[in-house]
Amino acid sequence: MINKILFLMLVIFALFFPTKHYDIYHFSLLGGSVLLLLLTEFKVSLNFYAKYFAVLIFIITIGSFVSSIYLGADFFKNITEVFRFLPVLLLLLSYKVINFNKNQLDVVLYFYAFLVSTICLLQYLGVEAVLNLSKIYGSELQVENSLLLSSRAIGLSTGPGNNGALFTILYIYFFSSFLFFKENKIINSIFMFLCVLSVILSQSQTSLVALGFSSIFSLILILILDKKKFFNTSVFCIVFAMAFSFVFLFVKNLSKFGYLISLFNEGLSRNSYQVRMDKVSEVVDLSFSNPIMFFIGYGKDLVPNSTALDNEYVFYLGVYGFISVILMVLFYLSFILFIFRANKIYSDYVLCIMIFAGAIIAWPSSFTLDPRLLFILTILMIFSLREKEFYRNNRDSVL
């Protein structure tokens with residue numbers, strides 16, 4: 001019972017605490033994950049997911065040492081990157097004592113999605129009280145430029161891009177539940193609608209693209225895995241109704257979505273995208289300038305604009321090194337392979353779709369570097385481990 005309450009507190013903290021307070025956020029998660037580890041009496045399970053994050057932490061640690069000795073970088077500034085992934089590693093090692101199921105997560109995410117989507121709508125409408133709340137969660141620059149000037153909803157995130165990415169991931173969760181389970185189809189379809197609405201209100205172009213492609217990808221996967229689910233009439237009705245509703249909403253309020261419209265008018269020639277590509281080129285040039293640091297990374301102390309790169313792949317390349325990029329790509333590909341195994345479980349399906357969407361989001365933004373998205377991903381990895389263990393135990397009992 002204690003472990004369930006503790007993990008629930010961690011989930012609520014991860015969703016509602018302002019992520020802009022980086023140190024407090026990660027050290028609080030670290031403290032909670034250490035307590036869960038103590039509950040296991042250190043009888044941990046070094047599973048596949050935990051191995052990935054353990055190797056990634058090892059790479060960051062080695063890179064921090066080498067860059068500090070070889071190039072005089074600030075070791076303590078670079079090693080703090082470990083605390084981004086250490087809570088995830090400890091939670092994955094402790095998954096056996098985390099007695100938290102999907103129904104409980106559903107309740108938390110329903111409440112969260114409803115509350116934050118309401119805040120997004122009020123932010124878009126310019127309600128004063130909500131604008132003051134936004135200053136607690138959003139960065140000053142994003143509140144001033146994105147929210148106040150461009151009416152881009154930031155929700156309870158630091159900026160509209162993070163908010164759009166979060167609702168894209170939540171949309172995938174609800175859409176996957178809608179496809180997989182007979183229960184709560186109407187509720188899940190309502191929350192799918194709220195998630196898409198929030199993405200549009202954030203005017204996050206990347207998230208809109210990721211949402212569209214991940215929807216198509218999820219339907220293709222479900223067609224391959226289970227044709228009966230794909231040809232369910234309700235699937236087509238909901239998808240058609242949502243598409244029609246949002247096209248109508250978009251056309252009726254065309255003048256209010258100027259930033260989002262620039263995606264269709266200007267595409268990759270947009271000035272904001274060109275600025276990002278200039279940052280990318282600078283980091284890539286730096287990485288290739290030193291063969292040793294190319295593989296293990298310079299650390300964020302020496303990488304220019306490391307806190308505002310707007311590209312996760314380039315951040316991994318410059319800060320963690322090329323080895324971490326290869327490791328990340330292999331980790332992502334493993335989720336696609338998992339989905340085609342004998343036991344086709346829900347958590348593997350939703351993880352595969354989330355990774356697909358995250359791979360798109362990560363190009364001009366952050367996915368695993370966004371602490372809230374990483375925590376949601378961790379919960380699903382824990383569910384996956386518990387489901388696999390359940391099937392394993394059942395198989396062994398039959399044998």
Look at the aromatic rings of Phe17 and Tyr25 and report parallel, tilted or perpendicular, splitting at 30° and 60°. tilted

I'd like to know if the side chain of Tyr95 pairs up with that of Ser384 as donor and acceptor (distance under 3.5 Å, no hydrogens or angles considered). no

Any sub-3.5 Å donor-acceptor pair from Tyr124's side-chain atoms to Ser202's backbone N or O? no

Do the non-hydrogen side-chain atoms of Ile353 and Phe175 ever get within less than 4.5 Å of each other? no

Between Tyr298 and Ser287: side-chain donor-acceptor atoms closer than 3.5 Å: no

Is there a side-chain contact between Ile296 and Ile292 in this structure, where contact means two heavy atoms from C-beta onward sitting under 4.5 Å apart? yes

Face-on cation placement of Lys300 at Tyr22 ring, 6.0 Å and 45° thresholds: yes

Check side chain to side chain contact (heavy atoms under 4.5 Å, CB included) between Tyr110 and all other residues, then give those that pass, not counting sequence neighbours. Asp106, Phe174, Asn184, Ile187, Asn188, Phe191

A side-chain contact here means heavy atoms from C-beta on lying under 4.5 Å apart; do Tyr49 and Leu351 qualify? yes

Pick out which of Ile172, Leu105, Ile169, Val11 makes a side chain to side chain contact (heavy atoms under 4.5 Å, CB included) with Ile376. Ile169

Indicate whether any N or O donor in one side chain lies under 3.5 Å from an N or O acceptor in the other, for Ser215 and Tyr171. yes

Asp301 (side chain) donor-acceptor with Phe75 (main chain) under 3.5 angstrom: no

Going by atom type alone, with no hydrogens or angles, which donor-acceptor pairs under 3.5 Å involve a side-chain atom of residues 153-162 and a protein atom two or more places apart or on another chain?
from, atom 1, to, atom 2, distance (Å)
Thr158, OG1, Asn162, OD1, 3.1
Asn162, ND2, Asp370, OD2, 3.1

Decide yes or no for Val319 and Ile60: does some side-chain heavy atom of the first lie under 4.5 Å from some side-chain heavy atom of the second? no

Listed partners of Leu369 passing side chain to side chain contact (heavy atoms under 4.5 Å, CB included), at least two apart: Arg84, Phe85, Glu312, Phe315, Tyr316, Tyr320, Ser366

So do the side chains of Ser68 and Phe76 get within less than 4.5 Å of each other, counting heavy atoms only? no

On a heavy-atom basis, the closest approach of Glu387 and Ser347 is OE2-OG, 2.6 Å

Who else is in the cluster with Ile361 when I, L, V, M, F, W and Y are joined by side-chain contacts under 4.5 Å? none

In chain order, what residues pass the side chain to side chain contact (heavy atoms under 4.5 Å, CB included) check against Glu282, with sequence neighbours excluded? Pro304, Asn305

With Leu30, which residues qualify under side chain to side chain contact (heavy atoms under 4.5 Å, CB included), at least two apart? Phe27, Ser33, Val34, Phe83, Leu86, Pro87, Leu90

May I have the step-by-step check of side-chain contact (heavy atoms from CB on, under 4.5 Å) for Leu201 and Leu197, ending in yes or no? CA-CA 6 Å; Leu201 293 177; Leu197 175 64; 4.1 Å; yes

Quick check: does any side chain N or O of Arg386 sit under 3.5 Å from a backbone N or O of Ile98, one acting as donor and the other as acceptor? yes

Under 6.0 Å between the ring centres of Phe356 and Phe335? no

